[in-house]
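Within every chain, numbering begins at 1; the chains are lettered A, B, ... in the order of the sequence lines, protein sequences first and strands thereafter. Since the model is a prediction, treat every value here as computed from it, not as a measurement.
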2 protein chains.
Amino acid sequence: MPPRAPLALTTDVVPFAIRAERLEVLLARHSTGWRLPGGPIEPGEDLDAAARRYLMEQTGLRDVYLEQLYTFGQPDRDPGQRAVAVAYYALVPAGSLPVDAAPAVDRPGWVGVDALPALALDHGEIVALAHRRLAAKLAYSTIALQLMPERFTLSELQAVHETILGEPLDKRNFRKRILALDCIEMTGEMARRGGHRPARLYRAKRPGQVDFIK
Amino acid sequence: MPPRAPLALTTDVVPFAIRAERLEVLLARHSTGWRLPGGPIEPGEDLDAAARRYLMEQTGLRDVYLEQLYTFGQPDRDPGQRAVAVAYYALVPAGSLPVDAAPAVDRPGWVGVDALPALALDHGEIVALAHRRLAAKLAYSTIALQLMPERFTLSELQAVHETILGEPLDKRNFRKRILALDCIEMTGEMARRGGHRPARLYRAKRPGQVDFIK
DNA sequence: TGCAATAGTGTGAAGTTGACACTAACATAA
DNA sequence: TTATGTTAGTGTCAACTTCACACTATTGCA
């Protein structure tokens with residue numbers, strides 16, 4: 001066999017979550033700064049499985065929604081070697097966030113997409129593409145439910161949409177539209193948080209499943 | 001350095017064209033049958049460039065619309081080796097089709113997507129996914145223009161849509177919608193073909209560019 | 001008990017979509 | 001030259017969807 005040119009095939013994952021009314025990304029430490037969680041695909045390992053594994057190993061996140069985004073292969077994207085990255089994005093429900101009250105150096109950290117530090121390689125572009133894709137999918141799928149905890153209020157769901165789109169939505173129209181989709185149902189329970197009228201708690205009818213609309 | 005596990009990173013391309021009112025795919029010869037055009041990515045070669053190169057080398061097609069589709073990496077998709085394929089699809093305008101009046105053995109051949117022979121590996125699934133993506137994009141982009149020759153009639157454009165979607169469309173509504181998109185313009189010329197009223201010839205306002213709608 | 005804060009609810013106007021049928025212009029053959 | 005076959009080209013109305021818009025309800029707390 002001829003000598004094989006060095007080629008690094010990796011997966012990189014953009015883990016999204018809504019935290020404090022912001023869309024944030026969970027970043028891993030890099031020698032000199034930040035990068036997306038990810039790494040080389042092992043022989044015999046499925047691409048999706050590799051993405052899940054790195055997410056687990058580097059951030060502790062598991063059982064999240066994961067979708068292939070795009071494959072980046074510019075020859076000069078990594079100055080050190082020929083690196084091809086199969087990029088994914090993950091949606092982390094608000095309930096399952098690892099609490100990092102005091103984010104240590106060396107630990108992954110959540111950062112708002114609108115205030116990203118410089119990232120390794122082309123990871124900044126990957127995040128930007130993932131954000132665009134996510135925003136587009138809000139319009140024609142029930143994907144936003146993957147960012148919600150098991151039980152949530154309609155106001156919370158609306159806030160998630162608004163945060164991702166970066167624009168306010170009309171409350172009545174939003175509720176009408178969502179309920180017409182027949183993708184969520186009332187639990188009968190109420191959320192009493194704060195000094196005001198309690199809100200009904202809803203849950204996804206088909207958790208884990210993303211339906212297309214229309 | 002540790003011995004590197006053998007990994008084949010390839011591109012495969014689904015070249016679509018409309019021929020004789022059918023959506024067809026251009027296939028290449030494979031030892032025992034048919035496969036999609038494609039092959040291993042060279043060191044230092046961009047992914048898109050590799051897809052274009054194989055399309056040129058194996059089918060003679062150049063200057064076509066090309067878009068990344070999905071990356072396939074099931075460990076068992078190729079029984080012979082670990083093979084990861086970055087799949088693309090290409091849209092070939094009706095005018096630029098290589099004429100293969102007598103398709104030789106050993107030459108690529110156009111085949112209707114609804115009558116595909118057995119293909120190598122998972123290439124059948126790749127074609128199916130590409131077809132779904134193309135059909136979906138008709139609804140929210142001007143991508144169908146990439147399948148048209150430089151000048152074309154509205155009836156021809158409608159036939160292309162109908163062929164890809166597999167369902168008839170209303171003539172008046174179709175024309176209204178397309179013209180409202182402001183993506184094509186009259187050339188002033190007429191197509192006189194056959195014993196009937198000639199049709200106006202249109203051309204794309206921004207050839208090569210695919211606009212999103214709405 | 002009143003104030004602050006969020007939950008929850010309906011209508012009408014504007015715009016979009018979808019169904020539908022006839023006349024126009026040409027080539028060809030009788 | 002006329003009749004016939006074939007495709008091109010055109011508008012309206014009803015149904016539906018989208019969008020803008022403001023008030024009452026329920027709670028905790030001061």
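- You won't find any donor-acceptor pair under 3.5 Å spanning the side chain of A/R197 and the base of C/dA4, going by distance alone.
- In this pair, A/H161 and A/F174 present their aromatic rings perpendicular. The plane angle is above 60°, beyond the 30 to 60° band.
- Looking at the side chain of B/P198, the nearest of the listed nucleotides C/dA19, D/dA20, C/dA25 is C/dA25.
- Look at CG on A/L169: it is 13 Å from C1' on D/dT18, rounded to the nearest Å.
- For the pair A/N173 CG and D/dC21 C1', the computed distance is 9 Å after rounding to whole Å.
- Taking every side-chain heavy atom of B/A199 into account, D/dG9 is the closest of C/dG8, D/dA20, D/dG9.
- We find that CE of A/M190 is positioned 9 Å from C1' of D/dT26, with the value rounded to whole Å.
- Which of D/dA8, C/dT11, D/dT10 sits closest to the side chain of B/T153 comes down to D/dA8.
- Atom CG in A/L154 sits about 18 Å away from atom P in D/dT26, given to the nearest Å.
- Between B/R200 and D/dT10 there is a side-chain polar atom (N or O) within less than 4.0 angstrom of OP1 or OP2.
- No salt bridge links A/R22 with A/D114; every basic N to acidic carboxylate O contact stays at or beyond 4.0 Å.
- Atom-to-atom, CE of A/M186 to C1' of C/dT9 comes out at 13 Å; the value is rounded to the nearest Å.
- Sequence order on DNA chain C of the closest nucleotides to A/G195 and A/S155 puts A/G195 first from the 5' end.
- Rounded to an integer number of Å, the gap from B/F174 CZ to D/dG9 P is 13 Å.
- The side chain of A/R175 lies closest to C/dG8 when the candidates are C/dC20, C/dG8, D/dA22.
- Taking for each of A/H196 and A/K171 the nucleotide of DNA chain D with the nearest heavy atom, the 5'-most of the two is the partner of A/K171.
- Applying the 3.5 Å distance criterion, the base of C/dT17 shares no donor-acceptor pair with the side chain of A/K214.
- Nearest approach of B/T163 to B/L23, heavy atoms of both residues: CG2-N, 3.4 Å.
- Nearest heavy-atom pair across A/P15 and A/W110 is O-CZ3, 3.6 Å.
- Rounded to an integer number of Å, the gap from CZ of B/R193 to C1' of C/dA27 is 15 Å.
- Comparing D/dA8, C/dT11, C/dG18 against the side chain of A/K176 picks out C/dT11 as the nearest.
- Rounded to whole Å, atom C1' of D/dT10 lies 14 Å from atom CD of B/Q158.
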Q) Step by step, would you call A/E150 with A/R203 a salt bridge (charged side-chain N to carboxylate O under 4.0 Å, His left out)? A) CA-CA 6 Å; A/E150 202 220 327; A/R203 72 175 146 241; 5.1 Å; no

